[in-house]
Amino acid sequence: MYNFSYHKPSRLEEAVEILSSTEDAKILAGGQTLIATMKLRLAGPSDLVDLGEIAELKAILKKENNIVIGSMTTHADVAGSEIIKKQIPSLAHLASEIGDQMVRNVGTIGGSVANNDPAADYPAAVLGLGAKVITNTREISGDDFFTGMYETCLLPDEIITSIVFPIPTRSSYIKFKNPASRYAIVGVMVAETHNSVRVAVTGAGSSVFRVKAFEDALGTNFSSNSIANLKVPHDDLTEDMHASSFYRAHLVNIMAQKAVATAK
Ligand SMILES: Cc1cc2nc3c(=O)[nH]c(=O)nc-3n(C[C@H](O)[C@H](O)[C@H](O)COP(=O)(O)OP(=O)(O)OC[C@H]3O[C@@H](n4cnc5c(N)ncnc54)[C@H](O)[C@@H]3O)c2cc1C
């Protein structure tokens with residue numbers, strides 16, 4: 001690993017100040033991805049700004065018809081939150097299936113969303129539930145946030161402070177997981193609100209995406225039967241040692257049907 005300076009501010013303003021005054025600083029959340037990347041020498045930041053002491057980034061709140069989750073909230077805290085289990089059970093379930101207990105105790109929602117791993121679970125929740133990503137400078141719609149494989153519209157100095165999830169009328173997240181890492185080979189979030197249905201898929205492509213044909217069919221008739229015969233084109237889907245693009249296309253349909261059948 002390269003040498004770097006380590007900072008642990010207790011206020012958000014301090015973190016912003018360090019990030020803007022250093023040449024090549026990086027934000028550190030749980031380090032589940034970043035530290036491994038540095039050990040492999042794929043990243044060599046001059047400074048690490050650890051957000052772990054900033055208390056305001058760890059809250060889980062219900063605000064009107066939304067659940068607001070601080071960016072430094074761990075997957076274990078999302079999975080165990082009574083508010084989330086009651087208001088958006090699909091989100092608590094999604095968090096409970098990330099990695100193993102050690103990963104869930106340390107990994108954070110902000111780190112996961114900022115990293116935008118193509119097989120990560122939270123991007124499907126952000127896109128599928130129609131969430132907003134809040135940073136120290138702006139609000140970003142989930143529809144605009146993810147821009148490509150491991151890419152988002154975040155600027156280098158920008159800090160995700162929270163994610164705002166509208167409470168759906170019903171939703172479900174189902175994944176076909178890699179048995180070793182538990183990352184999604186395919187994961188599908190289906191969410192119904194008062195006036196629309198959203199279907200977001202992770203694991204199948206280079207970045208999370210919506211399936212408009214499923215959304216239209218489910219908007220007319222929210223039942224697994226209404227999408228059973230709809231096919232997802234396989235041409236742009238991921239093909240690797242875990243699954244072919246044909247198999248992933250098939251899984252998108254099956255996971256979506258299961259999500260519709262279990263939505264609550
Ligand atoms: C063995 C293993 C199994 C895993 N299995 C799964 C799985 O099944 N499903 C799944 O979804 N994920 C899985 N993960 C990923 C894990 O859950 C973490 O979400 C992910 O590694 C990010 O980790 P972190 O929160 O510690 O962020 P870090 O590693 O600290 O940071 C990741 C990136 O995000 C940036 N960042 C962090 N916080 C912020 C912020 N607030 N604002 C702006 N940028 C920020 C950092 O600068 C860095 O670029 C697994 C990881 C491991 C190691």
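First listed ligand is number 1; within each ligand, the first listed atom is number 1.
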Count the heavy atoms of every other residue, nucleotide or ligand shown that sit under 6.0 Å from [atom1] of [X], and state whether that count exceeds 12.
| X | atom1 | value |
| --- | --- | --- |
| K258 | NZ | no |
| D236 | CG | no |
| E64 | CD | no |
| K86 | NZ | no |
| K231 | NZ | no |

Any salt bridge linking [X] with [Y]? Criterion: basic side-chain nitrogen under 4.0 Å from a carboxylate oxygen.
| X | Y | result |
| --- | --- | --- |
| R210 | D143 | yes |
| D100 | R104 | no |
| E82 | K85 | yes |

Distance filter under 4.0 Å to G30 heavy atoms, resulting ligand 1 atoms: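 Going through ligand 1 atom by atom, the ones under 4.0 Å from G30 are 24 (P), 25 (O), 26 (O), 27 (O), 30 (O).
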Show which atoms of ligand 1 fall inside a sub-4.0 Å distance from at least one heavy-atom site of A29.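 Counting from 1, the qualifying ligand atoms are 25 (O), 27 (O), 30 (O), 37 (C), 38 (N).
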Best match, G111, A43, G31: closest heavy atom to atom 26 (O) of ligand 1: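 Among G111, A43, G31, the closest heavy atom to atom 26 (O) of ligand 1 belongs to G31.
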Nearest non-hydrogen atom to atom 47 (O) of ligand 1 belongs to which of I27, T161, L12?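 The residue whose heavy atom sits nearest atom 47 (O) of ligand 1 is I27.
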Can you tell me the protein heavy atom closest to [atom] and the distance?
| atom | result |
| --- | --- |
| atom 49 (O) of ligand 1 | K26 NZ, 3.6 Å |
| atom 53 (C) of ligand 1 | Q32 OE1, 3.8 Å |
| atom 18 (C) of ligand 1 | H75 NE2, 3.7 Å |
| atom 35 (C) of ligand 1 | A114 CB, 3.8 Å |
| atom 20 (C) of ligand 1 | T33 OG1, 3.4 Å |
| atom 9 (N) of ligand 1 | D121 OD2, 2.7 Å |
| atom 40 (C) of ligand 1 | I160 N, 3.8 Å |
| atom 14 (N) of ligand 1 | Y183 OH, 3.0 Å |

Compute the centroid of each ring, for Y247 and then for H234, and state whether the two points are separated by less than 6.0 Å.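 No.
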Using distance alone, decide if ligand 1 has a nitrogen or oxygen within less than 3.5 Å of any nitrogen or oxygen in I35.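 For ligand 1, there is no N or O atom that lies under 3.5 Å from one belonging to I35.
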Can you find an N or O of G107 that's nearer than 3.5 Å to an N or O of ligand 1?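 Not met; the criterion fails.
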For [X], which part has a heavy atom under 4.0 Å from ligand 1: side chain, backbone, both, or neither?
| X | result |
| --- | --- |
| E158 | backbone |
| L51 | side chain |
| K175 | side chain |
| V103 | side chain |
| S181 | backbone |

With sequence neighbours excluded, residues passing side-chain contact (heavy atoms from CB on, under 4.5 Å) with D117: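 D117 satisfies side-chain contact (heavy atoms from CB on, under 4.5 Å) with N115, A119, A120, Y150, Y183 only.
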What's the verdict on side-chain hydrogen bond (donor to acceptor under 3.5 Å, both in side chains) for H7 and D47, showing C-alpha distance, side-chain angles and the deciding distance? CA-CA 7 Å; H7 310 264; D47 297 71; 2.7 Å; yes
Inter- and intrachain pairs under salt bridge (Lys or Arg N to Asp or Glu O under 4.0 Å), touching residues 121-138, at least two apart: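 Non-adjacent pairs meeting salt bridge (Lys or Arg N to Asp or Glu O under 4.0 Å): D121-K175, K132-E139, R138-E158.
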